[in-house]
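As structure tokens, the structure follows; a few thoughts come after it.
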Amino acid sequence: MHIGGTPMSRYAASEIEPKWQQAWEQASVFTATRSADKPKYYVLEMFPYPSGRIHIGHVRNYTMGDVIARYKLSTGHNVLHPMGFDAFGMPAENAAMASGGHPKTWTYDNIDTMVSQMKPLGFGLDWSRMFATCDPEYYGQQQALFIDFLEKGLVYRKNAVVNWDPVDMTVLANEQVIDGKGWRSGADVERRELTQWFFKISDYSDELLSALDGLDNWPAKVKLMQANWIGKSRGLQFGFDLVNGPAGTPQIEVYTTRPDTLMGASFIGISPDHPLARQLEADNPDVAAFCQMARKGGTTEEALEKAEKLGFDTGLRARHPFDAAWELPVYIANFILMDYGTGAIFGCPGHDQRDHDFARKYGLPIVDTFLPLEGEIDIQAAPFVPLKTEKVRYTRLLAGPEVQTGDQAVNAAIDHCEANGVGHGVTKFRLRDWGLSRQRYWGCPIPVVHCDSCGVVPEKKENLPVTLPDDVTFDVPGNPLDRHPTWRQCSCPSCGAPATRETDTMDTFVDSSWYFARFTAPRASTPTDMAEAEYWMNVDQYIGGIEHAILHLLYSRFFARAMQICGHLPAKSAEPFDALFTQGMVTHAIYKTTNAEGRPVYHYPEEVELREGRGFLQDGTEVDIIPSAKMSKSKNNVVDPVQIIAQYGADTARWFVLSDSPPERDVEWTAAGAEATHKHLGRVWALSDRIAQMAEGGEGAADADLLRAMHKTIQDVTNGIEAFGFNAAIARLYAFTNVLAKSKASKQAQRQAIMVLAQLMSPMTPHLAEEIWQMQGGDGLIAQASWPQADPAMLVDESVTLPIQINGKRRGEITVPTDMDKAEVEKLALASDAVQRALDGAQPKKIIVVPGRIVNVVI
RNA sequence: GCCCAAGUGGCGGAAUGGUAGACGCAGCGGAUUCAAAAUCCGCCGGUAGCAAUACCGUGCGAGUUCGAGUCUCGCCUUGGGCACCA
């Protein structure tokens, strides 16, 4: 092999890698083609946000997908493995605010950079299908989808709360609210209502829940998280009559999942946004003051749950439905959200921690409705909250037997209440409709027009895309679309009169809820092309972070259903992802010192010298090492793959990110690990070089051993890849490399072994694999060669070594023929030294023989 | 606060309920070398012991089992998510 006239005598990744990348491109190896002669396989990694530089976590994510893509290609599939960018979102606007650029320029520059960083990694991607969600060609089709959804009744408007910064006069994202204050202004954030657009995902609550059962190749934890998120519950909805309610409000409607605790009720709580609270607020300044205070803080469930529980006694009293003489106080409480249930609850302090805290704070009675079957408890000190499946003894029984489980009691209570005309049993879901309105510039414009005479009218499809104006500035807070001099002005699509455009843009989750479908026909003039979608859908293997377990995946499942109803996806794609794999993060130690003011200072890995587990700066200062932290720009612990590739090559980076940790777990990037990987790849190269120069020789006795090891390796590595056990597969490749390096087999056998090794390595280290293939005179490209098959006959061992346990502890071993029957094994085991010594003449109580695994003698 | 995970040598980790620590890193010893780098060979959980071996050991505490890293229950710690970060 000669490159540039210099004979190559060592592993030179920088020379090998561009060469093979070019060869793959020339042969269009990874261009996805539709054809009837082969089965298709669609592998997709969650597309990246164009933050500016790729990150070692991206390398890991895309390498996993690439392993699958290359493996499936070699097993005879038409593979679709596309890449794109999730390109709308806040960071682009933040960058524009910080440095005065334009979100569009920033985003497209970042995309260019990231593509140029990804290409040298040699991913088998079909780059011809690339798009960014901020391309008007993409978001225009998204607008068409929105209009279709609107026609099908899947989109509507209603009021919803947002984080409002009263100083900057702008809506804040949850991450822009820090400890209840605006991130820039520092002002106390308020919850304020705005009219916003919603997708009716709640129409699909039951279906999105029940269809989880069919997702056999999804992680159980993801399905469980989604099921809990959807949160189907059965409960009782009923009204408390108000004793002294204001005009027009005779009742408060509440929803409870624990109607069996109704006899332990001690107060009624309503949300500060409840119509009754609003009514009282209008003419009582004290109520108004409380409500205003209660609306402070962010909108997240976490903020609400962690906030101090506060209540305001309205002075209103409600009558208990089963005891006309029993009156309960009505409180406005800051922890009750208008979005959940009816925005009103009854509190039962005996059996709920939050209600207990509230009752103690406001001196409300705490009574039990049930007690444990055994033991004493002090209900005043702590609430009694057993699992609903546990049997308890009811002390204030509403319905059913005295001793029953919570679940039984709830059902009995619902039946009893219905029979007595107190409300009715209802099934509710925790899942709320998906608010998609964002009061921001860098997103997909919502394609509707507000007309004085026609109301809210969808834009005509022939006028799509409704594009974002380029002439905007970010020097003042708020939505630039709102203050743009002309952009809003348009004519009504219905009557032609002057009208104004909607200035809300879409949540970026909308962009990522259908990109997988768009990849099947990225240039189509409709959202999808049904022939292409029919062929390529569904995604056979989807790979991404566990952080997307709920929102992105749930929204995509909803979108697939909605698109199907509108004729943009085939019926089989209601569940678009056949298999899901959630990978872990790449972490890296943080090196920290403290400056004179006591502030932490973070140091880049290249500034730190490691000696015996301690780290030092060049001037000798010791640094604190915080191990395994999520990579974060602000902590200076981000490892740049570009540097790694420059130093060691793409194959080293690819192999290392897969080898060191199970894919679902976080991996710690270490410089030493990368160095070791590079050495190993060099050894494999040298091994191939040595074999190529070996003299031809006759078949030796060592050939059979080598080939037996080879077939076992084929089996283990194939299984490893199929099961996402990349680290275990790589461990087998290390082991086989060691066997081959020490083998005394003939050249013929060694050549066969190194070529199979190259094939097995090719999904992980495709460039090195091609190089070895070529050195050994393989036909064509290894990327297009068929995956090796393990010969079952070569996988069977003649004998097996069984450990012998005595009372569960290993005390010896015997080697027996693999097919020896249980009785024989038992006899041999009993005769063994270890057992004889332990028995000392006595009889064993029991002998367990697990064929091929173990013998346990119980004495 | 609620939901979901994870925790195994100095480090990353392996292990269909069946020999805990495969494989790799670091370390130690040796070969090679004038020397080093590179490479190769060997050792490598803890305690005791010359050794054979024994005891202990998979975050903590219980339990199920002939047998538990693996299953059950209760904790602790760390991570992910909590609907406007993506």
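Convention: sequence-line order gives letters A, B, ...; per-chain numbering from 1. What you see below is based on every heavy atom in this structure, not just the backbone, and it leaves out hydrogens, waters and symmetry mates.
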Intra- and inter-strand pairing of RNA chain B, written as dot-bracket with Watson-Crick and G-U pairs under 3.5 Å and | for the latter, reads (((((((..(((.....[....))).(((((.......))))).((((....))))..(((((..]....))))))))))))....
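Heavy-atom distances to RNA chain B give each of A:Q439 and A:E305 a nearest nucleotide, and the one nearer the 5′ end belongs to A:E305.
We find that CD of A:Q196 is positioned 9 Å from P of B:C84, with the value rounded to whole Å. Following rounding to the nearest Å, A:N228 (CG) and B:C82 (C1') show an atom-to-atom distance of 12 Å. Put simply, NZ on A:K822 is 15 Å from P on B:C66, counting in whole angstrom units. Atom CE of A:M114 is separated from atom C1' of B:A86 by 12 Å (rounded to the nearest Å).
For the residue pair A:E45 and A:Y542, no side-chain donor N or O sits within less than 3.5 Å of a side-chain acceptor on the partner. Side chain to side chain, A:T815 and A:S799 fail the donor-acceptor criterion of an N or O pair below 3.5 Å.
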Determine, for nucleotides 14-21 of chain B in 5'-to-3' order, which nucleotides have protein heavy atoms under 4.0 Å from the base (write B), from only the sugar-phosphate (write S), or from neither (write -). S-B-BB--
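The side chain to side chain contact (heavy atoms under 4.5 Å, CB included) check on A:D203 picks up A:K200, with sequence neighbours excluded. Considering only residues two or more places apart in sequence or on other chains, A:I550 meets the side chain to side chain contact (heavy atoms under 4.5 Å, CB included) condition with A:M225, A:W229. Under the side chain to side chain contact (heavy atoms under 4.5 Å, CB included) criterion, A:P91 pairs with A:Y49, A:W106, not counting sequence neighbours.
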Give every donor-acceptor pair under 3.5 Å between a side-chain atom in residues 176-183 of chain A and any protein atom, sequence neighbours left out.
{"residue": "A:Q176", "atom": "OE1", "partner": "A:A173", "partner atom": "N", "Å": "2.8"}
{"residue": "A:K181", "atom": "NZ", "partner": "A:D188", "partner atom": "OD1", "Å": "2.6"}

